[in-house]
Amino acid sequence: MAEAAAPAAESLGGGRARAARTVLGQVVLPGEELLLPQQEDAEGPGGTGEQPLLLNAGARSRVRVVCGPGLRRCGDRLLVTKCGRLRHKEPSGGGGGGVYWVDSQQKRYVPVKGDHVIGIVTAKSGDTFKVDVGGSEPASLSYLAFEGATKRNRPNVQVGDLIYGQFVVANKDMEPEMVCIDSCGRANGMGVIGQDGLLFKVTLGLIRKLLAPDCEILQEVGKLYPLEIVFGMNGRIWVKAKTIQQTLILANILEACEHMTTDQRKQIFSRLAES
Amino acid sequence: MRLLEFRGGRGRGQIVSKRGATCGPQSWAVRHRRVRTGYAACTQARTSVRKRQRAWFGLVEGAMQADAKIRTAGGTEPGPQGPGCSLRHFACEQNLLSRPDGSASFLQGDTSILAGVYGPAEVKVSKEIFNKATLEVILRPKIGLPGVAEKSRERLIRNTCEAVVLGTLHPRTSITIVLQVVSDAGSLLACCLNAACIALVDAGVPMRALFCGVTCALDSDGTLVLDPTAKQEKEARAVLTFALDSVAQKLLMSTTKGLYSDAELQQCLAAAQAASQHVFRFYRESLQRRYSKS
């Protein structure tokens, strides 16, 4: 029975962990284990007795690596928990081994501290608003968390309004809390989103792609029509242009951007620019 | 692997998403299809077989080796196993429904299951667990109301998923898996497990490993048949279904029906573990294809 289970075909990485460096940019599956750079040096010779002699027998100095979304620490290895491409970012300052994470495609948002999101006010209970951000529970937003708000000067927020804010508390154990001011007390673009416009939902991967610093989609869209646009990291985009038809066109372009290649996109933009 | 291309796309061999572009009279260079199904709302809606067949463009298909079936004789230890195992042709499709967070359709021969996953989402206070996610599985048969057999299969699938999903990362939430039987031609539970696994991966639910289901049937003369059809299951003296995980082919769940000996159980388990390698390789190829197109 053991013979049949022996890996005649390639196994899914079970029992054989690969070095994280060699897997960068490839698709990794849940259950795979990745070795950090420090460990592969030690395991490279494969225990043939050729390991370098350490002067301080005992603790080896480890490179400090940050474990991003999609990865978990499992002993001294990284366990992949989501399917996607493995990415790595070198550390900007000195020290550390950089960040590893898995770039996966998802629709459901999980609140993360510091993320800017678009929420919909669903209830007013006492001094807080309950805001639906697309996660597993509604976030709470205090009425004092707006620029220039005091106990006497309350913000004008109604049920059904759109709010652009950021999370100050977002972990798995507590109810998420969001605010519409930054750490200096200024609004910085956050707050109630104005009238009209259209709110629609896209996948989280598309939002990250559009918000990447080198994304030209946004510049091309801006050349097309004058518009106002707000991106929420929870997959929600609010867009407003001069007429309803332009707004709808922009919404459809952004939704379709996910599946179009660069050429198709340029084709569509040029067609729209003509008309 | 056969790749079906459809016009307008960039040669997608698989489905990435199927949202329809609804903008007035304008039509885009890339035409999306909207798959109208009622599964996401967990109703008794049924799709016609033809609509399902229309969704077959861009499928990822797994080619299976059709080697000799594994024979066992009595209780003796089998010799070195042949390289092949006769699993039926299978195929899978991902992200085909627009409402659920993750969806997948898995086909094994003529058995076809459609799975949708919602989560991590809100949970009723009566059902919430303080330190992990509440997993719910709903299995709808092709015709009729769900009965006791469906309930027992739901429980088996839920136990398997709970062993694999990292529920502690999302306490007080619910992860719901909805499975709809589109056609049943044998090894239903294994197909349900496979569809559930792909749908969970598609939804981005954190898991500690992948899992797959394999069914074995034992004939009256001791022949072992993997992935039996409905006819073979009916005539078999024992039908065994195993759920195996991807890290070390460990056994997650087993359910058996009929008469078999201890040695036969071990042989079936070994055969299932060998077959699961093929299934996991198919998962890997289909997921790689999905991410290569984006």
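So that the names make sense, note that chain A is the first sequence line, chain B the second, and so on, each numbered from 1. This structure is a prediction, so every number in the text was calculated from the model and none was measured.
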Value rounded to 0.5 Å, distance of [atom1] in [X] from [atom2] in [Y]:
| X | Y | atom1 | atom2 | answer |
| --- | --- | --- | --- | --- |
| Ser98(B) | Lys107(A) | OG | NZ | 6.0 Å |
| Ser136(A) | Arg172(B) | OG | CZ | 7.5 Å |
| Leu79(A) | Leu166(B) | CG | CG | 7.0 Å |

Interchain contact, [X] with chain A, by part (heavy-atom threshold 4.5 Å):
| X | value |
| --- | --- |
| Ala203(B) | backbone |
| Asp202(B) | backbone |
| Leu169(B) | both |
| Val164(B) | neither |

Heavy-atom closest contact ([X] atom, [Y] atom, distance):
| X | Y | value |
| --- | --- | --- |
| Leu29(A) | Leu287(B) | CD2-CD1, 3.3 Å |
| His170(B) | Val110(A) | CE1-CG2, 3.8 Å |
| Ser246(B) | Pro30(A) | OG-O, 4.1 Å |

Side chain to side chain, [X] and [Y], heavy atoms closer than 4.5 Å:
| X | Y | answer |
| --- | --- | --- |
| Arg208(B) | Thr81(A) | no |
| Arg85(A) | Ser292(B) | yes |
| Pro138(A) | Glu122(B) | yes |

### Summary
Under 4.5 Å to a heavy atom of chain B? For Asp103(A) that would be backbone
### Task
Flag the one option from Lys172(A), Gln106(A), Lys82(A), Arg108(A) with the top tally of heavy-atom pairs under 4.5 Å to chain B.
Arg108(A)
### Task
Please name the residue in the list Leu200(B), Val201(B), Ile198(B) that meets the side-chain contact (heavy atoms from CB on, under 4.5 Å) test with Cys83(A).
Val201(B)
### Message
I'd like to verify something: which residue of Ser174(B), Ser276(B), Pro120(B), Gly102(B) has the highest number of heavy-atom pairs under 4.5 Å with chain A?
### Response
Pro120(B)
### Side chain Tyr291(B), main chain Ser104(A), donor-acceptor under 3.5 Å
no
